Amino acid sequence: VLQEKLELIDYDDLKDDDETLNFESDNGWVGITDKYWLAALIPDQDKSFKAIYTYDNGYIAYYRSLNATKVMPGNDHIVESQIFIGAKEAKLIDRYQEEYGIYNFDLAIDWGWFYFLTKPLFNVIYFFSQLSGNFGLAIIILTVITRVVFFPLANWSFISMAKMKMLQPEMTRIKELHKDDKAQQQQALMALYKKEGANPLGSCLPMLLPMPIFLALYWVLLESVELRQAPFLFWINDLAAMDPYFILPLLMGASTYLMQALNPQVGDPMQVRMMKLMPIMFTVLFLFFPAGLVLYWLVNNLLSLAQQTYVYRKVEQE
């Protein structure tokens, strides 16, 4: 991190280009890192320096001070710098940043494009893991809290979907009545939706609501050394690795199918067939995702199913 900006140098580029890269800065640090480990040199944060990266039978990163100091005979001068070598534990990195005033030392951990969401999400998961003693339980608690926060929006969506499902016989009648006039058919359907307070796009919302957390959680599982080899229960010995027996992805696929079965079948026959294939596509996609990520989506699906079933029954009774 130089001039409060992250400068990333790829190992292969440094080796293949066979050149020395120089950067001048008034603050920051230089280092060599991978996903979980870091070796960093932190100069005096109030003095200018030149960061140097090169390859010579190995990757080399160092710095030189740009502030010359004259030392008179009989006098001495002390220059201090910090060295960090170890695992990129988020709390430890933050403590070093605060205690030693290191500019953006927390960027040593790649929090991804959603930095503003990923790091707070990690802090929440870490907090609940300390309370529960298990990162898997912490992910479940986070999922429950997320569902509570988004409960009103999801409720509105499920009410709209329930109305759409109940309107299907009338929608089928309108389509048959205006099968030769698509414009008239659409006008009649829109009038029906407006009259009954239904929204054909409402079924998309339950799928979209958990996506920001999903993407941020992906980076947390991918980059956090704290979740590396973190066990959950039974056969899940590493939440950052895929489920070795594919049980969680299969359960997630089954829950997605149940959600899909409850949804109204809206659209042309091709769209309906594509929607029916979604649980299969989701299952295949999630087979190789980290187990913690699949756990989040599975618990989210189960909570959505419970809320969806309750709302559907309530709307039918009304």
Side-chain angles (χ1 to χ4, degrees), residues 1-71 76-127 215-230 240:
V1 175
L2 307 168
Q3 294 299 116
E4 302 183 31
K5 180 183 177 183
L6 184 64
E7 294 281 355
L8 292 175
I9 302 168
D10 188 84
Y11 288 107
D12 291 335
D13 292 342
L14 191 63
K15 182 178 180 180
D16 295 341
D17 294 344
D18 194 25
E19 62 176 333
T20 299
L21 301 179
N22 299 278
F23 304 89
E24 292 188 6
S25 180
D26 298 322
N27 55 57
W29 51 276
V30 301
I32 294 177
T33 183
D34 64 3
K35 182 186 291 188
Y36 296 127
W37 318 104
L38 170 68
L41 299 172
I42 302 108
D44 188 327
Q45 297 294 280
D46 297 322
K47 295 182 180 179
S48 302
F49 64 91
K50 178 186 288 185
I52 303 161
Y53 289 87
T54 188
Y55 179 85
D56 184 9
N57 294 322
Y59 299 99
I60 302 170
Y62 62 101
Y63 75 89
R64 289 176 179 160
S65 175
L66 296 178
N67 300 97
T69 302
K70 182 183 289 187
V71 182
D76 58 24
H77 178 73
I78 298 175
V79 177
E80 292 186 356
S81 62
Q82 305 292 331
I83 299 175
F84 179 93
I85 301 174
K88 296 190 292 187
E89 297 179 18
K91 298 300 180 182
L92 182 64
I93 293 288
D94 287 345
R95 182 162 64 83
Y96 269 62
Q97 177 172 278
E98 183 177 348
E99 288 187 8
Y100 298 106
I102 307 170
Y103 284 89
N104 293 336
F105 196 45
D106 61 335
L107 293 182
I109 302 173
D110 184 5
W111 295 111
W113 291 100
F114 295 93
Y115 173 91
F116 63 93
L117 183 61
T118 307
K119 188 174 181 182
L121 183 70
F122 168 80
N123 289 330
V124 171
I125 292 175
Y126 185 83
F127 172 76
L215 295 173
L217 184 59
Y218 174 79
W219 280 104
V220 169
L221 290 164
L222 194 67
E223 297 294 332
S224 300
V225 68
E226 291 86 349
L227 275 87
R228 176 175 177 262
Q229 298 178 350

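Every value quoted in this text rests on a predicted model; they were computed, and no experiment measured them.
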Quick check for you: to the nearest 0.5 Å, what is the distance between [X] atom [atom1] and [Y] atom [atom2]?
X    : Y    : atom1 : atom2 : value
L221 : F122 : CG    : CZ    : 10.5 Å
I42  : W29  : CD1   : CH2   : 8.0 Å
D94  : N123 : CG    : CG    : 7.0 Å
D110 : K35  : CG    : NZ    : 10.5 Å
F116 : L121 : CZ    : CG    : 11.5 Å
D106 : L92  : CG    : CG    : 12.5 Å

Original post:
Partners of F84 by ring-ring contact (aromatic ring centres under 6.0 Å, His included), sequence neighbours excluded?
Top reply: Y96, F105
Original post:
According to the salt bridge (Lys or Arg N to Asp or Glu O under 4.0 Å) rule, which pairs have a member within residues 44-65, sequence neighbours left out?
Top reply: none
Is the backbone of [Y] close enough, under 3.5 Å, to the side chain of [X] for a donor and an acceptor to pair up by distance?
X    : Y    : result
S224 : E226 : no
Q45  : Y103 : yes
T118 : W111 : yes

With a 4.5 Å cut-off on side-chain heavy atoms, are [Y] and [X] touching?
X   : Y    : result
W37 : D34  : yes
L6  : N104 : no
F49 : E24  : no
L14 : Y59  : yes
V79 : S81  : no
I9  : L21  : yes
Y55 : I60  : no
I83 : I85  : yes

**OP:** Might you point out which heavy atoms bring L38 and A108 nearest each other, and give the distance in Å?
**Re:** CD2-CB, 3.7 Å
Subject >> Over all atoms of both residues, closest heavy-atom pair of A90 and I109 >> reply: CA-CD1, 3.7 Å
With sequence neighbours left out, what residues match [X] under salt bridge (charged side-chain N to carboxylate O under 4.0 Å, His left out)?
X    : value
K88  : none
E99  : R95
R228 : none

Original post:
Do the rings of F23 and Y53 sit parallel, tilted or perpendicular, given the 30° and 60° boundaries?
Top reply: perpendicular
Subject >> With sequence neighbours excluded, residues passing side-chain hydrogen bond (donor to acceptor under 3.5 Å, both in side chains) with D26 >> reply: S48
Subject >> Step-by-step salt bridge (Lys or Arg N to Asp or Glu O under 4.0 Å) determination, D10 to K15 >> reply: CA-CA 9 Å; D10 188 84; K15 182 178 180 180; over 6 Å; no
**OP:** For the pair D76 and V71, evaluate side chain to side chain contact (heavy atoms under 4.5 Å, CB included) and give the outcome as yes or no after the intermediate values.
**Re:** CA-CA 6 Å; D76 58 24; V71 182; 5.6 Å; no
